[in-house]
**Q** 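There's a structure below that I have some questions on.
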Protein chains: 2
Amino acid sequence: MRHLPPLNALRVFESAARHRSFAAAGKELFVTSSAVSHQVKTLEEYLGLSLFDRSRRTVTLTAEGEQYLSSVRHAFDEIEMATQRLTANQESNVVKISVAPNFLTRWLMPRMARFQALYPDIELEINASMGLLDFDRTSTDMAVYFGNGEWDDIEVHFLRKVMLVPVCSPQLLDGELPLEKPEDLAKHTLIYVSKRKWEWENWLQQSGVDFISARGSLQMSSGQLATAAAQEGLGVALADSTLTSREIKSGKLVVPFDIQLDTNRAFYLVYRKQRPLTIGMKAFKEWLMSEM
Amino acid sequence: MRHLPPLNALRVFESAARHRSFAAAGKELFVTSSAVSHQVKTLEEYLGLSLFDRSRRTVTLTAEGEQYLSSVRHAFDEIEMATQRLTANQESNVVKISVAPNFLTRWLMPRMARFQALYPDIELEINASMGLLDFDRTSTDMAVYFGNGEWDDIEVHFLRKVMLVPVCSPQLLDGELPLEKPEDLAKHTLIYVSKRKWEWENWLQQSGVDFISARGSLQMSSGQLATAAAQEGLGVALADSTLTSREIKSGKLVVPFDIQLDTNRAFYLVYRKQRPLTIGMKAFKEWLMSEM
DNA sequence: TCGACTGGTGAGATTAATTCATCAGTCTGA
DNA sequence: TCAGACTGATGAATTAATCTCACCAGTCGA
């Protein structure tokens, strides 16, 4: 047996709190500000505390109101998304995708034209984002994650492994300091990715270099930035060999030592569990898997 | 501007779906089954699909209804908890705590009597659980987590570092196979914790043992079980030195080599961000920190 | 200082929710 | 096997929740 507050009053509160105005909430809900006032009062009486400060001409949320708003918002987001999913057209041809930045710029973007040629009716709405996202409370249909593939409560499809090789600008390789064997890295700047500092350590270990005290180090927040920094000649970075193949072919980046580090990390296509796929989602999934 | 379904109808649906019966839902909501029927119908008309199968005498959820229920439930849980937090008595002296199993049995339990002597009015409701929990949708007040301290959106307080030492039963140490230097571990069974397999590797590396091919290995799902297995003489495990100090003092476990591995992992007291602490929570927090 | 805002309040009007009466089907047990 | 006790469905009537209206006070800017 549940103990829920009056839900209609809650809806009115959420709108009023979001707008920080009873009048604006009234407009959104197609009622008068008086109705909003009544409903907020009902909720406040139920809770036994005030959610708004009513001094001055404008209303402001109390600390309690602020707290409550964030929870109520979360909950309403979820209800809204669940309702949207349920009533969504299975024939929908718009797919909202969230993609790991490196994969987006270096893999997906260059191949977008091919997808559009194959599926001219499908419209992709792409968003770059790193971390995990909440499929319950966002309208994102699918995502490309980077990681070890161990995520709970979502449908996970393996795309491709990430194999790291050192990359740097050709100028650096032709420069004064030699870069002929892994030990020579000691004289160069190593470019790290903040949250994956162990990668250089592992690569050096695999390359038979026991310990190295590099000349300097540079820290970047993403693999994409690390690769860009290497391209600018700022040092040597570890980058995925296939994602940077274009830069390597065109000579913008060179691989001083072709020693690949198997990271146990990979790119994965993920989406909400048990979600019936729309034709747009099916098309994107099939194309993505077939391009691998 | 939001697009929410009729919320009162949603509440009725949730109850009916939970009970898998309109009559039972009516009883819970103090209305007739007729009212339930009307409301469910309203919701179904709004969504444009049926949520219940009405064949036979009983109703069953359709696939869509099942999907919808889980989301609606989640959302209502959150509203319920937010409301409960808001109306909760600040003077409450009941604290619901979720504790990492190893910490619970080896640290908290032995000291519980001391807490109760100091705060006879405070009532602890303890729950053992490993993973992370959702403070938004559960009624747990505080938790003791084991990990690296990097968790988002929660209040984190450091408790104590975990320093690992090898432990085994005294019988094993006095047995036929020597255990005098780290290299001797090669002749014994190493007990691993499933999700922290790297620990033995790190310890051996720190002890100056390059590579070791142990006689066998045993995998346990938690540190608690690994320590118990070591106590039974099944092999050598890595255990936290302070958590196992009682067993070590009493001679149930011995430390063959006093080489401690700093794991960068620790125990932390955590709770919901911005949550105003009840007097019970304050008492527990203060006591816990002072016992460290 | 006046108008144009803000939100608050109580009474009445409107709309939504519930009950009631009735119907049909299904399962149970005498 | 057939009455009786359940299940839920439905439309009209009733009740309860919600909203509007009219009026209030206060604040802000011209």
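Quick note on labels: first sequence line is chain A, next is B, and so on, each numbered from 1. Note: hydrogens, waters and symmetry copies are ignored here, and every other heavy atom, side chains too, is used.
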**Q** I need the CG-P distance between B:Leu29 and C:dT18, as an integer number of Å.
**A** 8 Å

**Q** Donor-acceptor pairs are to be reported for all side-chain atoms of residues 275-286 of chain A against protein atoms at under 3.5 Å, with residues two or more places apart or in another chain.
**A**
unit_1	atom_1	unit_2	atom_2	d
A:Arg275	NH1	A:Asp141	OD1	3.1
A:Arg275	NH2	A:Asp141	OD1	3.4
A:Thr278	OG1	A:Met281	N	3.2
A:Lys285	NZ	A:His157	NE2	3.4
A:Lys285	NZ	A:Tyr271	OH	3.1

**Q** Which residues in residues 61-71 of chain B have a heavy atom closer than 4.0 Å to any atom of DNA chain D?
**A** none

**Q** Can you tell me the distance, in whole Å, between the CZ atom of B:Arg20 and the P atom of D:dG8?
**A** 13 Å

**Q** Provide the full list of salt bridge (charged side-chain N to carboxylate O under 4.0 Å, His left out) pairs with a residue in residues 58-72 of chain A, sequence neighbours left out, each pair given once.
**A** A:Arg20-A:Glu66

**Q** Only counting residues at least two apart or in another chain, list the ones meeting salt bridge (charged side-chain N to carboxylate O under 4.0 Å, His left out) with A:Asp134.
**A** A:Arg137

**Q** Just to verify, what does B:Arg111 make a salt bridge (charged side-chain N to carboxylate O under 4.0 Å, His left out) with, not counting sequence neighbours?
**A** B:Glu291

**Q** For nucleotides 19-23 of chain D, list the nitrogen or oxygen atoms of the protein found under 3.5 Å from its nitrogen or oxygen atoms, one pair per line.
**A**
unit_1	atom_1	unit_2	atom_2	d
D:dC19	OP2	A:Gln39	NE2	3.2
D:dT20	OP2	A:Thr32	N	2.6
D:dT20	OP2	A:Thr32	OG1	2.7
D:dT20	O4	A:His38	NE2	3.2
D:dC21	N4	A:Ser34	OG	2.7

**Q** Going by atom types only, do A:Arg85 and B:Ser71 share a side-chain donor-acceptor pair under 3.5 Å?
**A** yes

**Q** Could you list the residues that satisfy ring-ring contact (aromatic ring centres under 6.0 Å, His included) with A:Tyr119, not counting sequence neighbours?
**A** A:Phe115

**Q** Does A:Asn8 place a side-chain N or O at less than 4.0 Å from the phosphate oxygens OP1/OP2 of D:dT18?
**A** yes

**Q** Tell me the interatomic distance from B:Phe22, atom CZ, to C:dT18, atom P, rounded to whole angstroms.
**A** 14 Å

**Q** Quick one: label A:Ser21 by what it contacts on the DNA or RNA (base, sugar-phosphate, nothing), any heavy atom closer than 4.0 Å.
**A** sugar-phosphate

**Q** Using atom CZ of A:Arg11 as one end and atom C1' of D:dT18 as the other, report the distance to the nearest whole Å.
**A** 12 Å

**Q** Using atom NZ of B:Lys27 as one end and atom C1' of D:dG8 as the other, report the distance to the nearest whole Å.
**A** 14 Å

**Q** Please enumerate all residues that pass ring-ring contact (aromatic ring centres under 6.0 Å, His included) together with B:Phe22, with sequence neighbours excluded.
**A** B:Phe52

**Q** Who are the salt bridge (charged side-chain N to carboxylate O under 4.0 Å, His left out) partners of B:Glu14, not counting sequence neighbours?
**A** A:Arg2, B:Arg18

**Q** Residues two or more places apart in sequence or in another chain: which of them pass salt bridge (charged side-chain N to carboxylate O under 4.0 Å, His left out) with A:Glu44?
**A** A:Arg54

**Q** What integer distance in Å separates A:Phe52:CZ from C:dT6:C1'?
**A** 14 Å

**Q** ring-ring contact (aromatic ring centres under 6.0 Å, His included) with B:Phe103: which residues, sequence neighbours excluded?
**A** B:Trp107, B:Phe267

**Q** Can you measure A:Lys41 atom NZ to C:dG7 atom C1' for me and round it to whole angstrom units?
**A** 12 Å

**Q** Restricting both atoms to N or O, compile the protein contacts to nucleotides 22-24 of chain C shorter than 3.5 Å, with distance only.
**A**
none

**Q** Can a side-chain donor-acceptor contact be found between A:Lys96 and A:Ser139 if the only test is distance below 3.5 angstrom?
**A** yes

**Q** Taking atom C1' of D:dG8 as reference, at what distance in whole Å does atom CG of B:Asp53 sit?
**A** 14 Å

